[in-house]
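What you see is a predicted model; the values in this text were computed from it and never measured.
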Amino acid sequence: MTHPLIPQIIEIATPIAESLGLEVVAAVFHTNLNPPVLRVDIRNYSTDTSLDDCERMSKALESSLDERELIPDTYVLEISSPGISRQLTTDREFISFKGFPAVVETLEPYQGHTEWKGRLVKRDETAVYLNRKGRVTAIPRPLINKVQLVDREE
């Protein structure tokens, strides 16, 4: 069932997206997560949707939603696109997708695991940091095969 705020959110997001040359494809509010996650999917009219498009839309929509105080409690805003590569490689991507659910795959077992799931905290010169159920885990960069966004934490 669609969350009752979705029509209002789409009404707010649509003109913002259009002003950026984008289109709102869908929106869903996952209130069963803690904190709740508002995900808005967008598409670029003229080219493949880029991470820059998501970042611009995120900043504009977040500002507008905050001004209207439509969602009174804490929530996470995710802007995504079906066409975006889900694998993260650049520092900019790691900054843009801080707090998003991700999976880190290692080349060899690290602390008994080759796959780590959690919310992305950051990446620095030595490690990628994931928040796993309230505990931050540092996974050494030399061991990492890939870091990929996922729809939600398991």
Between [X] and [Y], which heavy-atom pair has the shortest distance, and what is it?
X: C54; Y: T49; result: SG-CG2, 4.4 Å
X: G118; Y: R132; result: CA-CG, 4.3 Å
X: P35; Y: V76; result: CG-CG2, 3.6 Å
X: F29; Y: I6; result: N-CD1, 3.8 Å
X: V121; Y: N131; result: CG2-N, 3.5 Å
X: L107; Y: P142; result: CD1-O, 3.9 Å

Verify same cluster id: [X], [Y] (apolar side-chain graph, 4.5 Å):
X: L61; Y: V28; result: no
X: V103; Y: Y129; result: no
X: L77; Y: V24; result: yes

*Do D52 and S50 meet the criterion of a side-chain donor-acceptor pair at a distance under 3.5 Å?*
no
Just by distance, do the side chain of [X] and the backbone of [Y] share a donor-acceptor pair under 3.5 Å?
X: T14; Y: I10; answer: yes
X: S19; Y: I16; answer: yes
X: H30; Y: N32; answer: no

Quick one: does [X]'s side chain get under 4.5 Å of [Y]'s, heavy atoms only?
X: F94; Y: V147; answer: yes
X: L120; Y: V128; answer: yes
X: V136; Y: L130; answer: no

*Might you work through the side chain to side chain contact (heavy atoms under 4.5 Å, CB included) test for Y75 and V37, ending with a clear yes or no?*
CA-CA 6 Å; Y75 69 98; V37 175; over 6 Å; no
*Check ion pair D41-R39 (N to O, under 4.0 angstrom)*: yes
*salt bridge (Lys or Arg N to Asp or Glu O under 4.0 Å) with E115: which residues, sequence neighbours excluded?*
K117
*asked:* I'd like to check the salt bridge (Lys or Arg N to Asp or Glu O under 4.0 Å) partners of D91; sequence neighbours left out, ordered by chain and number.
replied: R123
Gap separating the [atom1] atom of [X] from the [atom2] atom of [Y], nearest 0.5 angstrom:
X: L51; Y: I79; atom1: CG; atom2: CD1; answer: 12.5 Å
X: T137; Y: H113; atom1: OG1; atom2: NE2; answer: 8.5 Å
X: Q8; Y: L70; atom1: CD; atom2: CG; answer: 5.0 Å
X: L38; Y: L5; atom1: CG; atom2: CG; answer: 9.0 Å
X: T31; Y: D73; atom1: OG1; atom2: CG; answer: 11.0 Å
X: L33; Y: R119; atom1: CG; atom2: CZ; answer: 6.5 Å

*Would you check, one step at a time, whether the test side chain to side chain contact (heavy atoms under 4.5 Å, CB included) holds for L20 with D53?*
CA-CA 8 Å; L20 298 171; D53 292 330; over 6 Å; no
*Stepwise, does the side chain to side chain contact (heavy atoms under 4.5 Å, CB included) test hold for I12 with R68?*
CA-CA 10 Å; I12 293 166; R68 287 177 173 82; 3.3 Å; yes
*Measure up the W116 and Y110 rings against each other and bin them: parallel (under 30°), tilted (30 to 60°), perpendicular (over 60°).*
tilted
*Hey, could you give me each pair passing side chain to side chain donor-acceptor pair (under 3.5 Å) that has a residue in residues 138-147? Not counting sequence neighbours.*
E105-N145, K146-Q148
